[in-house]
There are 2 protein chains.
Amino acid sequence: MLSGAEVTGVLRSKGFKATPQRLAIYDALSHTTAHPNADMLYRELVPHYPTMSLATVYKTLDILCTVGLAQELNVGEESFRYDANVESHPHVRCLSCGRVDDVPVLNDTSLLSQAAVSTGYEITGRQIYLYGICPACSEKRKKKLH
Amino acid sequence: MLSGAEVTGVLRSKGFKATPQRLAIYDALSHTTAHPNADMLYRELVPHYPTMSLATVYKTLDILCTVGLAQELNVGEESFRYDANVESHPHVRCLSCGRVDDVPVLNDTSLLSQAAVSTGYEITGRQIYLYGICPACSEKRKKKLH
DNA sequence: CTTAGTGCAAAGCTTTTGCAATCCC
DNA sequence: GGGATTGCAAAAGCTTTGCACTAAG
């Protein structure tokens with residue numbers, strides 16, 4: 001999680017202006033673990049930034065991904081989600097409530113090299129998505145059964 | 001890849017009718033390695049089934065996934081892709097030409113159990129997407145440099 | 001025959017774009 | 001001041017839905 005000054009520096013170094021909207025969007029994204037999509041971020045920010053527009057959120061998320069301050073997730077939903085943690089790490093989505101959580105790093109170091117050999121691709125990135133039932137939903141189901 | 005009779009059996013056993021459109025869509029999907037999206041399938045089928053509609057393709061793909069005859073992929077594009085191979089296997093997409101290929105099974109057996117322990121989720125499924133440059137695009141790039 | 005399915009067109013969603021007003025630097 | 005950015009509204013692309021007609025079983 002970078003400070004406002006650091007984010008400003010990264011944006012400017014890549015030729016982008018550091019606007020209040022962009023800083024606010026990065027700030028919101030870096031302070032949540034909910035892996036929000038554009039609309040979730042918009043609704044969280046509007047109360048504090050009444051003139052914020054959804055289009056600006058989309059444009060900013062695009063820029064944040066471009067400059068390496070965020071990554072885009074595709075958890076199998078209609079919309080993209082975003083994560084300010086740009087390290088490659090697996091994500092897990094609850095098929096019951098839809099929440100998305102991080103999965104601590106797993107030792108999949110050999111994955112890329114194995115895939116490169118078997119497919120002939122130059123592998124440059126990866127995304128691992130797991131699906132299941134989160135502890136809270138699991139608990140709810142058990143209670144229902146009693 | 002199942003025969004028409006087998007597909008008919010699966011559909012009926014789950015309470016769905018086996019229409020010519022559904023069999024044709026499964027047949028097309030099971031005979032390609034392109035991991036097509038709904039529109040790609042539609043354009044492939046229309047010449048042979050002039051009355052085929054895109055809406056039917058969407059509805060059928062939904063049913064095929066429901067009855068376990070196909071799986072939906074989310075490779076980071078605007079649209080969903082589909083695969084008649086329902087075994088869990090990684091996919092790789094070329095960032096240059098967009099093609100999507102299968103990756104032969106990698107030994108990630110410990111992945112699910114590791115994730116279950118660290119997150120508390122009951123893990124039921126996984127998707128692994130890799131990104132890179134396919135051999136053909138890689139070759140093109142080299143030629144350009146000469 | 002009865003009920004599910006097809007196909008068309010319209011609607012719904014997410015995301016992108018055009019453009020005048022505004023703000024950053 | 002000049003050029004990038006915002007924010008609105010409209011457009012675009014993928015997917016779903018309503019409904020009359022048709023076909024499967």
Side-chain angles (χ1 to χ4, degrees), chain A residues 4-5 7-26 28 35-43 45-67 69-70 72-82 98 100, chain B residues 4-5 7-26 28 35-43 45-67 69-70 72-82 98 100:
Chain A
V7 174
T8 298
V10 172
L11 285 171
R12 291 193 182 152
S13 73
K14 309 268 180 169
F16 294 103
K17 288 183 177 172
T19 68
Q21 289 89 336
R22 289 177 181 168
L23 297 180
I25 291 167
Y26 176 81
H35 305 85
N37 59 27
D39 192 58
M40 290 159 81
L41 280 169
Y42 172 68
R43 285 203 294 256
L45 289 165
V46 162
H48 305 284
Y49 299 80
T51 76
M52 177 75 70
S53 87
L54 187 52
T56 298
V57 175
Y58 276 108
K59 289 170 189 167
T60 297
L61 288 171
D62 188 39
I63 290 172
L64 291 180
C65 289
T66 300
V67 304
L69 287 173
E72 195 175 63
L73 306 180
N74 226 310
V75 208
E77 299 168 316
E78 330 71 51
S79 58
F80 292 97
R81 286 171 177 259
Y82 295 87
V100 174
Chain B
V7 175
T8 298
V10 173
L11 285 171
R12 290 193 183 152
S13 74
K14 310 267 178 168
F16 294 103
K17 289 184 176 172
T19 67
Q21 290 89 336
R22 289 177 182 169
L23 297 180
I25 290 166
Y26 176 81
H35 305 86
N37 58 29
D39 192 59
M40 290 160 80
L41 281 169
Y42 171 69
R43 285 204 296 256
L45 290 165
V46 161
H48 304 284
Y49 298 80
T51 76
M52 177 73 72
S53 88
L54 186 53
T56 296
V57 175
Y58 275 109
K59 289 170 188 164
T60 297
L61 288 171
D62 189 38
I63 290 172
L64 292 180
C65 290
T66 300
V67 303
L69 288 173
E72 195 175 62
L73 306 180
N74 222 311
V75 209
E77 298 168 317
E78 331 70 50
S79 59
F80 291 97
R81 286 171 177 259
Y82 295 86
V100 174

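Keep in mind that this is a model prediction, so the values were computed, not measured. Chain letters run A, B, ... following the sequence lines, proteins first, then strands; residues in each count from 1. Computed from heavy atoms alone, side chains included, the values below leave out hydrogens, waters and symmetry copies.
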[atom2] on [Y] to [atom1] on [X], rounded to 0.5 Å:
X: A:Q21; Y: A:L45; atom1: CD; atom2: CG; answer: 10.0 Å
X: A:T19; Y: A:R22; atom1: OG1; atom2: CZ; answer: 5.0 Å
X: B:L54; Y: B:D39; atom1: CG; atom2: CG; answer: 6.0 Å

Short side-chain N/O contact from [X] to OP1 or OP2 of [N], under 4.0 Å:
X: B:T19; N: C:dT6; answer: yes
X: B:S53; N: C:dT6; answer: no
X: B:Q21; N: C:dG7; answer: yes
X: A:Y58; N: C:dT16; answer: no
X: A:R22; N: C:dC24; answer: no

task: Taking only the side-chain heavy atoms of A:S79 (C-beta and beyond), determine which of C:dT15, D:dT15, D:dC8 contains the nearest atom.
output: C:dT15

query: Of the candidate nucleotides D:dG25, C:dC25, C:dA9, which contains the atom at the shortest distance from the side chain of B:A55?
result: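 Out of D:dG25, C:dC25, C:dA9, the nucleotide with an atom closest to B:A55's side chain is C:dA9.
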
- request: Please work out if B:T56 contacts a base, only the sugar-phosphate, or nothing of the nucleic acid, heavy-atom cut-off 4.0 Å.
  value: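 Answer is base: heavy atoms of B:T56 come under 4.0 Å of a base.
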
- request: Not counting sequence neighbours, which residues clear side chain to side chain contact (heavy atoms under 4.5 Å, CB included) with B:Y82? List them please.
  value: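 Scan of B:Y82 (side chain to side chain contact (heavy atoms under 4.5 Å, CB included), adjacent residues dropped) gives B:L29, B:L61, B:C65, B:E72, B:F80.
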
- prompt: Looking at C:dT16, does its base get a donor-acceptor pair with the side chain of A:K59 below 3.5 Å?
  reply: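 A donor-acceptor contact between them is absent.
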
